Amino acid sequence: MTSFSQNTPPAIALQNTFSTPDMEQWRALAEQTLKGLDFERILYKKSYEGLTYQGLYTTRPRQEIQIKPRAGWQICQRYRDPDITRGLQEIRHDQQQGLEAAEFDGRLCDQSLITENLQQTPLDIPLYFRAHTLHPDLCKIDAPVQGFLIDPIQNWLEGYTESPVAAYKTLHQLFKQQEERAQPLRYLIQISGVSYAEAGASAIQELRYILGACVEAFQQLLDKGIPGKKILAATRIEVSVGTQFFMDLAKIRALRFLLHRLVAIYGCDSQPLTIHATTLKRPLSRFDIHNNYLRQTLGASAAVLGGVDSLCTEAFNELNGLPDRTARRMARNIQLILKHEAYFEALLDPAKGSFFLENLTSEIAESVWKHFQYIEQQGGIEMEIRSGRLQQAVLEIAAVRQKAFVTRKDIVVGSNLYAPLEEKAHSSHLLPTPQIPDYHVETGIDPLPPMRPALVFERLRENPTWLQQQVHLLCYGDTTYRARAEFIEGVFACVGITPQRSPHLQSPEELIAYVSTFMEQAISDDTDDEASKQQFHMVFCASDATYAELLPAVLPRLKADFPQLNFILAGKPGDQKTAYEQLGIGTAFYRGCNLLKRLESLLAD
């Protein structure tokens, strides 16, 4: 009897069957498909990091990226409740619902109350305590406190300490106490890049400042006689993740590679550093707030696939106050679903083999290392902060991000695009927030304030003056008006206004008659003080060719009869801008314009 294996056909060598195209052949086919569109503009994109996303990758980088030794990650959450008793009770509740470790922000509360509360509220999971200084009684606590997260540079930048000096002294004392503990603490040092990212920093800036802070902390403690291996074993690196999925994934892979290179300099290349990720508040919005679930899911997925050791997902309503149990559970469930339903915990560096991600990882690592070396040559990260160079570099990127948001180059769904019309800022699923004392001190350095692009539209939308604005679309000519009318409707949705569309107008006389009838009715209804405050905006929606004939025919008459009207153009006026303004056009909305500036100008008028 013939075995199955004997009937199996020979393997096909595909590389011998098909020719291998080169980049020039691919480009020629791509340009043919694009039909005259700009090849570089369509298929190559610059990032905030100065890197270029290419249309095609055909090779992988030479260097191998170090990966963590095992799959899986620890599910964490951060608690910022200044009410210590309530905060610990909330942690105790959440530990029964999938929480694997808790991080308590002790910078916002009276630390002298913590010891007693921990004795009354025992926990079954590790508790990590974020601090800028430590109460003596707190230093003596064993379980459940398994670590302190003291970040000398970040605490200084955020205004909790006058300088990093006191933090290094505290860390020195904690390392000495480690030898006396029955169970040494897991972490003592945290080196975080989250504050840089929240202020608008690029991925490359965040990583190079992390490396700079690592060197500063390591050197300070080595000078105090702490062995390098003990320093590294007690250090946790915190990195941010947001909605830039591929960049964040590659950033984490690059960070592990860079940390391996850095610790090798100290002769500790066999000592892997722990990487913890936290989802950013910067991409979030207070309107259409449930979209924040999806944003946090993107960040969490990038973190896990990038290879973090632990992860904290912030709640969807973190911007509005202290999340309650439901909000925290939904944030935690993101990780639980990734772990138990999507089986992400079984994956170990799934990005390996992707030419795109491996090249992106390599480019990030090379750029970060080069800039990090420059910072060290200039005196290190502390000198970079004292001189203001670090803050200035971050603020420059933040300004670029903000401009990209107000021109819709960058999108925040529900804020600058597809905004809900009648929604107000979300206020449910929050705990009552007690008065928080101000623990900030004078630092003597320039601050690094957090930025959030959507904030400018949120503030504009909440301006009560919008209640007095009426917007009308003058839909004229061929069907070109439809796309422009929809664009204008989307713009004003950002401030909660629904423009009213006119009928399809087909002659200058019909347009003048429509506006005249509407305004006469509005004036006749103007019987109270509130109505007298109404402002009317008429938006021309037609083709560019139509504007050249229509506007000279109707604007002189309309401006003379109704001087209180504000006339707006849907579309870019181009070289006709001055002529249209002389006719009476106040402003124009078009793709790529500064929406914020133009919307604000309507209220100023």
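Predicted model only: the values in this text are computed from it and were never measured.
- Residues meeting the side-chain hydrogen bond (donor to acceptor under 3.5 Å, both in side chains) test with Tyr48, sequence neighbours left out: Asp410.
- Evaluation of the side-chain hydrogen bond (donor to acceptor under 3.5 Å, both in side chains) rule for Arg107 yields Asp105, Asn155, Glu158 as partners, not counting sequence neighbours.
- To the nearest 0.5 angstrom, Ile204 atom CD1 is 7.0 Å from His371 atom NE2.
- Glu314 and Lys281 are joined by a salt bridge, as a carboxylate oxygen and a charged side-chain nitrogen come within less than 4.0 angstrom of each other.
- The side-chain hydrogen bond (donor to acceptor under 3.5 Å, both in side chains) test applied to Lys339 returns Glu100, not counting sequence neighbours.
- For Arg461, there are no salt bridge (Lys or Arg N to Asp or Glu O under 4.0 Å) partners, not counting sequence neighbours.
- Applying the ring pair (Phe, Tyr, Trp, His ring centres under 6.0 Å) test to every pair with at least one member in residues 89-128, sequence neighbours left out, gives these pairs: Tyr128-Tyr187.
- With sequence neighbours excluded, no residue forms a side-chain hydrogen bond (donor to acceptor under 3.5 Å, both in side chains) with Gln402.
- For Asp94, the salt bridge (Lys or Arg N to Asp or Glu O under 4.0 Å) test picks out Arg328, Arg332, with sequence neighbours left out.
- Sorted by first then second residue, the ring pair (Phe, Tyr, Trp, His ring centres under 6.0 Å) pairs that include residues 248-268, not counting sequence neighbours, are Phe218-Tyr266.
- The shortest heavy-atom contact between Ala331 and Ala315 is CB-CA, 3.8 Å.
- Taking both residues in full, the closest heavy atoms of Thr235 and Ile191 are given as CG2-CG1, 4.2 Å, listed atom of the first, atom of the second, then distance.
- Going from atom CG of Asp151 over to atom CG of Leu149 covers 9.0 Å, rounded to the nearest 0.5 Å.
- Under the salt bridge (Lys or Arg N to Asp or Glu O under 4.0 Å) criterion, Asp248 pairs with Lys251, sequence neighbours left out.
- For Arg261, there are no salt bridge (Lys or Arg N to Asp or Glu O under 4.0 Å) partners two or more places apart in sequence or in a different chain.
- Ala254 meets the side-chain contact (heavy atoms from CB on, under 4.5 Å) test with Leu207, Thr361, Ile364, Ala365; sequence neighbours excluded.
- Arg282 places no side-chain N or O within donor-acceptor distance of the main-chain N or O of Gly242, the cut-off being under 3.5 Å.
- Relative orientation of the His290 and Phe316 rings is parallel, given thresholds of 30° and 60° on the angle between their planes.
- Listed by first and then second residue, the ring pair (Phe, Tyr, Trp, His ring centres under 6.0 Å) pairs involving residues 147-171 are His132-Tyr160, Tyr160-His440 (not counting sequence neighbours).
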Would you sort out whether Glu600 and Arg459 count as a salt bridge (charged side-chain N to carboxylate O under 4.0 Å, His left out), showing the intermediate values?
CA-CA 11 Å; Glu600 287 177 333; Arg459 288 175 174 168; over 6 Å; no
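- Defined by atom type and a distance below 3.5 Å, a donor-acceptor pair is missing between the side-chain atoms of Gln296 and Thr313.
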